[in-house]
Amino acid sequence: MKGNPTLNDVAEMADVSIATVSRVLNQNGYVSSENRLKIEAAITKLGYRGRSSNKTFKRKKSRLIAIITSTSRVHTFLPRLTYALSIAANQAGYFTLGIHRSADNETLPELVNLALENNICGMVFTDFKDISVNPQNIDILLHCGVPVVLVERAVCSELNSVKIDTRQGVYMAARHLLDSGRKNIIYISAPISGTVEQDRLDGFRQALLEKNISADNGRIHICNSMAREDCYMELEKIFKRGPAPDGVVAWSDVFGIAAMQYFNRHKIKVPEDVAVVGYDDFLASHAVPPMSSVKSPLEDMAAAAINIIHENNHSGGEFFARTVALTPKLIVRESSRIKL
């Protein structure tokens, strides 16, 4: 065998799951005598030298937290969340290891295996692509020997998770426009690829229904991607079809600024003719005019995730899955001034 053997190699030779191997290595959880003997034999035959073979490094002394995240060229949320996690970890006395690859049910076992090879004391997944974690992967995460936190997506009652109430965020943005006198508001969204996008869409619909306004698809516009260019193209289609909206709730600040650029080019005044509200409040204050936006509590999310790992590592072996739900805040600026 080329290279150093991994947990996956041991699991394959012993014909057991990675989680079962991890339970033996970490002396955490039940493993049958038969499987334990097979795993120990595989470790010996392969010459596996994981953390358990090095008595100098025990997990309880590790201060390294793995952050598993994907990257995006057009959306800033994940890089900013990763940065916030690193800052929160440092403030709590930990270091962070970034593993940049999309996590889903197919890639999760490999990512867990890679993280565990680095003497970590916890894992944070920031962008799980599938809507839910399958039972096999839940078992891996529950028995990998370190606390795991899912942030924002794929919230699972059996695992630690931190989420933002994004439905409430878009709801607040839409109600703000409606309560300020806007009658024909629209929502411009990224592709509906998971629960986060669906929740935001549901929040917009809820605000309309409370005002007895039809939440038909004519008010909802799904772009082909997260890119600014696709938002701009969607706006061109909207204004060609008419009637022109007097309020826009954008899926992100990037979409909100794309809308304001479109309006400026076509001599449509903001906020006199149309009001705009973005989401995430990262770029909003730099727009002209300054744009209203829904602020995501990134620092609070990061602190909660790191705190869960810290508390789990000092709980004396007891585990209780925690879900922390945080509410975003609407920041009102000139782009959605009250319509008189």
Side-chain angles (χ1 to χ4, degrees), residues 74-75 166-193 196-281 283-294 328 330-340:
V74 297
H75 192 35
T166 56
R167 176 180 179 136
Q168 179 67 13
V170 170
Y171 168 81
M172 289 189 296
R175 278 302 302 255
H176 164 64
L177 294 182
L178 293 169
D179 291 343
S180 65
R182 309 288 168 170
K183 302 294 184 182
N184 183 30
I185 71 171
I186 62 172
Y187 176 53
I188 304 179
S189 174
I192 308 299
S193 58
V196 171
E197 289 78 23
Q198 186 61 54
D199 284 347
R200 293 188 187 188
L201 185 58
D202 291 343
F204 180 76
R205 287 177 170 149
Q206 179 186 349
L208 292 179
L209 292 175
E210 288 180 357
K211 290 287 190 176
N212 296 316
I213 299 173
S214 174
D216 59 42
N217 288 333
R219 295 184 180 274
I220 296 167
H221 302 272
I222 312 299
C223 299
N224 292 327
S225 75
M226 300 178 186
R228 179 191 66 82
E229 294 79 8
D230 281 330
C231 176
Y232 199 94
M233 290 172 60
E234 188 64 29
L235 282 163
E236 289 187 330
K237 296 176 185 177
I238 294 168
F239 275 79
K240 283 181 180 178
R241 288 194 297 261
D246 61 3
V248 174
V249 178
W251 173 81
S252 69
D253 279 1
V254 172
F255 277 15
I257 288 176
M260 292 175 66
Q261 289 174 339
Y262 177 89
F263 299 143
N264 180 65
R265 181 177 179 181
H266 292 82
K267 310 301 181 185
I268 300 169
K269 295 180 180 180
V270 176
E272 291 83 358
D273 300 327
V274 59
V276 180
V277 181
Y279 201 106
D280 279 339
D281 198 42
L283 300 171
S285 64
H286 303 290
V288 179
M291 183 172 64
S292 298
S293 187
V294 177
L330 176 64
I331 308 296
V332 177
R333 298 189 179 93
E334 292 177 33
S335 71
S336 62
R337 188 177 61 218
I338 294 176
K339 188 175 183 179
L340 300 177

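Index from 1, following the sequence.
The number of heavy-atom neighbours closer than 6.0 Å to NZ of Lys183, taken from other residues, nucleotides and ligands shown, is 12 or below. Remark: Arg265 CZ is loosely packed, at most 12 non-hydrogen atoms of other residues, nucleotides or ligands lying under 6.0 Å away.
Residues Val276 and Ser292 are not in side-chain contact: their nearest non-hydrogen atoms beyond the backbone lie 4.5 Å or more apart. Residues His176 and Leu330 are in side-chain contact: their nearest non-hydrogen atoms beyond the backbone lie under 4.5 Å apart. For the pair Ile185 and Pro245, the minimum side-chain heavy-atom distance is 4.5 Å or more. Here the side chains of Glu234 and Lys237 are in contact, with some heavy-atom distance below 4.5 Å. In this structure the side chain of Met260 never reaches within 4.5 angstrom of the side chain of Asn264, judged on heavy atoms. Contact annotation: the side chain of Phe263 approaches that of Phe239 to within less than 4.5 Å [non-hydrogen atoms, C-beta and beyond]. Put simply, the side chain of Tyr171 reaches to within 4.5 Å of the side chain of Glu210, judged on heavy atoms. At least one side-chain heavy atom of Arg333 sits less than 4.5 Å from a side-chain heavy atom of Asp281.
With rounding to the nearest 0.5 angstrom, the CD1 atom of Ile331 is 9.0 Å from the CE atom of Met172. Summarising the geometry, atom CZ belonging to Arg228 is positioned 11.5 Å from atom OG belonging to Ser252; distances are rounded to the nearest 0.5 Å. Distance check: Arg182 CZ to Ser336 OG gives 8.0 Å after rounding to the nearest 0.5 Å. Summarising the geometry, atom OG belonging to Ser189 is positioned 9.0 Å from atom CD1 belonging to Ile220; distances are rounded to the nearest 0.5 Å. In this structure, CZ on Arg219 lies 9.5 Å from CD1 on Ile186, to the nearest 0.5 angstrom. Distance check: Ile192 CD1 to Trp251 CH2 gives 9.5 Å after rounding to the nearest 0.5 Å.
Note: Tyr279 and Tyr187 fail the aromatic proximity criterion, with ring centroids not under 6.0 Å apart.
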Show your reasoning for whether salt bridge (charged side-chain N to carboxylate O under 4.0 Å, His left out) applies to Arg175 and Asp179.
CA-CA 6 Å; Arg175 278 302 302 255; Asp179 291 343; 3.2 Å; yes
Given side-chain contact (heavy atoms from CB on, under 4.5 Å), test Val254 with Met226 step by step and report yes or no.
CA-CA 8 Å; Val254 172; Met226 300 178 186; over 6 Å; no
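Side-chain atoms of Gln206 and Asp202 form no donor-acceptor pair, as typed in the model, at a separation below 3.5 Å.
Classification of the Tyr232-Tyr262 ring pair by plane angle, with boundaries at 30° and 60°, yields perpendicular.
Results of the side-chain contact (heavy atoms from CB on, under 4.5 Å) test with Val277 over Val332, Val170, Leu177 single out Leu177 as the only residue that passes.
Val249 and Ala173 make their closest contact through CG1-CB, 4.0 Å (heavy atoms, listed as atom of the first residue, atom of the second, distance). The two residues Val270 and Pro289 make their nearest non-hydrogen contact at O-CG, 3.8 Å. Across all non-hydrogen atoms, the minimal contact from Met291 to Ser335 is CA-OG, 3.2 Å. Heavy atoms only, all atoms of each residue included: Pro328 and Val294 are closest at CB-CG1, 3.5 Å. For the pair Phe255 and Ala227, the tightest heavy-atom approach, listed with the atom from each and the gap, is CE1-O, 3.5 Å. The two residues Glu197 and Ser193 make their nearest non-hydrogen contact at OE1-OG, 3.5 Å.
Listed for the Asp280 side chain is no donor-acceptor partner under 3.5 Å among the backbone atoms of Asp253. Remark: the backbone N or O of Ile268 is not paired with any side-chain donor or acceptor of Asp273 at under 3.5 angstrom.
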